[in-house]
S.K.: 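Right, I'll just put the structure down here and ask away after.
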Amino acid sequence: MTTFRGVDHVGIGVAEMDAAVSFYGRVGFEEVLFDWTGDLPGPDRRARVVMLGSGGATPVGPGRLKLVQVLDGDGPPPAPAGGGWGELGICEICLHARGVPEVHRALVAAGARSLMEPLDGAVQPNDVSLDIAYVADPWGGKVELIEWTGLWRSLPGPPRAEGVNHVAFGVADMARTRAFYEQLGFDELLFESTEFFEAMAPWYPGEPPGQHMIMLLAPQGAGIEPVVLDPPGPDLRGEWGHIGPFEFAIGVGNLERGLARLRELGVETSEPVTIDVGSGEWRYAYFRDPDELFVSLVESRY
Ligand SMILES: [Fe+2]
């Protein structure tokens with residue numbers, strides 16, 4: 001399956017673009033691929049959009065970040081409140097890192113709040129070892145740091161964050177989501193867990209729910225981590241562009257080919273959009289996934 005190339009980027013809604021560009025620049029996303037302001041077809045919002053690449057991106061941390069500041073209406077919609085992690089909606093970005101404890105410390109020094117101190121473990125069924133930690137960015141968005149020590153030894157050099165490893169999101173039906181995204185190239189199961197991750201217990205406002213999570217990888221690009229909670233908790237999809245992680249995009253080499261494939265699969269799509277961002281063209285189209293999350297295809301020529 002070469003039509004789809006894994007997760008290209010995750011979209012994060014921000015209220016103060018310059019501060020967000022500065023913060024994420026300190027996490028390695030110092031490469032501004034474009035900085036564009038205008039009316040966006042698709043979501044039909046006026047917004048400033050900054051696409052950031054990571055100079056430290058690797059095959060396990062290949063994903064980019066797209067910062068979005070909604071400029072029309074009442075401005076950036078607030079982050080949906082009342083959840084912990086894994087409710088319906090996008091709930092985290094995860095960066096691959098070399099040296100999770102050191103990167104965690106550096107992020108806290110840069111203004112992030114620790115949500116989970118560094119710890120190590122292994123995931124099943126392949127017993128892949130990892131180091132993990134979490135912070136909240138200065139606007140409350142959850143940022144996971146992971147080093148898949150059992151999968152990939154990072155390139156030599158000092159501790160650093162790489163690009164996006166995966167995006168996590170809550171869904172209603174795991175089997176349905178897995179079948180849907182397998183058709184879009186995410187056909188490698190890295191892990192599956194039905195045990196509650198105790199280190200997340202403090203995040204939930206009440207009694208923590210049961211958790212079922214899997215991670216699916218495509219041969220290229222970043223991965224996806226769908227989560228089902230039991231009981232499901234509130235709907236945290238929110239409005240397009242809300243503060244915090246709110247959407248993700250799957251990379252394609254050719255947008256028309258990607259859209260044709262989605263239509264063959266019976267997936268509803270929007271019309272393709274082409275935007276001149278100065279350095280080149282940003283091309284995208286949204287599609288309807290089983291949970292009606294904000295998801296799109298992107299062809300990057302910038
Ligand atoms: Fe994760």
Side-chain angles (χ1 to χ4, degrees), residues 1-12 24 28-29 31-36 40-43 49-68 90 92-96 152 161-169 177-178 180-188 190 215-226 240 245-265 267-277 279-290 293-302:
M1 175 64 70
T2 54
T3 301
F4 303 112
R5 299 180 174 176
V7 172
D8 176 272
H9 67 258
V10 184
I12 301 179
Y24 279 101
F29 290 91
E31 192 179 353
V32 176
L33 295 163
F34 66 78
D35 182 343
W36 181 86
L40 283 175
V49 181
V50 178
M51 186 72 77
L52 297 176
S54 169
T58 65
V60 291
R64 294 166 169 171
L65 291 183
K66 182 178 74 187
L67 304 181
V68 174
I90 311 296
E92 80 178 23
I93 60 166
C94 176
L95 310 181
H96 200 265
W152 161 267
E162 300 169 357
V164 173
N165 174 262
H166 65 264
V167 55
F169 49 91
T177 291
R178 186 170 176 181
F180 180 83
Y181 281 101
E182 272 178 351
Q183 296 177 312
L184 275 56
F186 295 91
D187 54 5
E188 295 289 341
L190 179 59
M215 191 169 303
L216 298 173
L217 303 179
Q220 305 173 56
I224 58 173
E225 184 181 29
W240 187 88
F246 73 93
E247 72 169 4
F248 65 94
I250 294 173
V252 288
N254 178 290
L255 186 57
E256 280 67 27
R257 182 187 295 270
L259 287 171
R261 181 67 188 134
L262 286 182
R263 288 174 189 138
E264 270 173 28
L265 295 168
V267 178
E268 205 178 313
T269 69
S270 69
E271 290 302 311
V273 171
T274 301
I275 293 179
D276 180 352
V277 290
S279 58
E281 287 180 336
W282 169 31
R283 307 195 69 224
Y284 65 84
Y286 283 80
F287 63 92
R288 191 182 295 273
D289 92 334
L293 302 174
F294 297 114
V295 281
S296 60
L297 300 183
V298 63
E299 177 190 333
S300 55
R301 298 184 183 170
Y302 36 81

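Just so it is clear, the values below take in all heavy atoms, side chains as well, and ignore hydrogens, waters and symmetry mates.
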S.K.: Kindly assign one of parallel, tilted or perpendicular to the pair Phe248 and Tyr181, based on the angle between their ring planes and the thresholds 30° and 60°.
M.R.: tilted

S.K.: For Glu264, does the CD atom have more than 12 heavy-atom neighbours from other residues, nucleotides or ligands under 6.0 Å away?
M.R.: yes

S.K.: Side-chain contact, heavy-atom cut-off 4.5 Å: Leu262 with Phe4?
M.R.: yes

S.K.: What I'd like to find out is whether the side chain of Ile275 reaches to under 4.5 Å of the side chain of Leu40, using heavy atoms alone.
M.R.: yes

S.K.: Do the side chain of Asp187 and the main chain of Glu182 share a donor and acceptor less than 3.5 angstrom apart?
M.R.: no

S.K.: In the structure I gave you, are the side-chain heavy atoms of Arg178 and Pro226 within less than 4.5 Å of one another anywhere?
M.R.: no

S.K.: Just verifying a value: how many Å separate Met51 CE and Asp35 CG, rounded to the nearest 0.5 Å?
M.R.: 11.5 Å

S.K.: Looking only at heavy atoms, which two atoms of Thr58 and Glu162 are closest? And how far apart?
M.R.: OG1-OE1, 2.8 Å

S.K.: So do the side chains of Ile250 and Val295 get within less than 4.5 Å of each other, counting heavy atoms only?
M.R.: no

S.K.: Indicate yes or no: at least one non-hydrogen side-chain atom of His166 is less than 4.5 angstrom from one of Glu92.
M.R.: yes

S.K.: Nearest 0.5 Å, please: how far is CG in Leu33 from CG in Leu65?
M.R.: 10.5 Å

S.K.: With a cut-off of 6.0 Å (strictly less than), are more than 12 heavy atoms of other residues, nucleotides or ligands near CD of Glu188?
M.R.: no

S.K.: Could you tell me whether Glu247 and Lys66 have a side-chain N and a carboxylate O separated by less than 4.0 Å?
M.R.: yes

S.K.: Please state whether the rings of Tyr284 and Trp282 are parallel, tilted or perpendicular, taking 30° and 60° as the class boundaries.
M.R.: tilted

S.K.: Quick check: does any side chain N or O of Ser270 sit under 3.5 Å from a backbone N or O of Tyr286, one acting as donor and the other as acceptor?
M.R.: yes

S.K.: Please identify which of these residues, Asp8, Asn254, Thr3, Leu259, meets the side chain to side chain contact (heavy atoms under 4.5 Å, CB included) condition with Leu297.
M.R.: Leu259

S.K.: Flag the pair Pro41 / Glu271 as yes when at least one side-chain heavy-atom distance between them is below 4.5 Å, and no otherwise.
M.R.: no

S.K.: Of the non-hydrogen atoms in Trp240 and Phe294, which two are nearest, and what is the gap between them?
M.R.: N-CZ, 3.4 Å

S.K.: Considering only heavy atoms from C-beta outward, does the side chain of Phe287 approach that of Leu184 to under 4.5 Å?
M.R.: yes

S.K.: Quick check for you: to the nearest 0.5 Å, what is the distance between Asn165 atom CG and Met215 atom CE?
M.R.: 6.0 Å

S.K.: Less than 4.5 Å apart, side chain to side chain, heavy atoms only: is that true for Phe29 and Leu67?
M.R.: no

S.K.: Assess whether a salt bridge exists between Arg257 and Glu299, defined as any Lys/Arg side-chain N lying under 4.0 Å from an Asp/Glu carboxylate O.
M.R.: no

S.K.: Would you give the length of the straight line joining atom CD1 of Ile12 to atom CG of Leu52, rounded to the nearest 0.5 angstrom?
M.R.: 8.5 Å

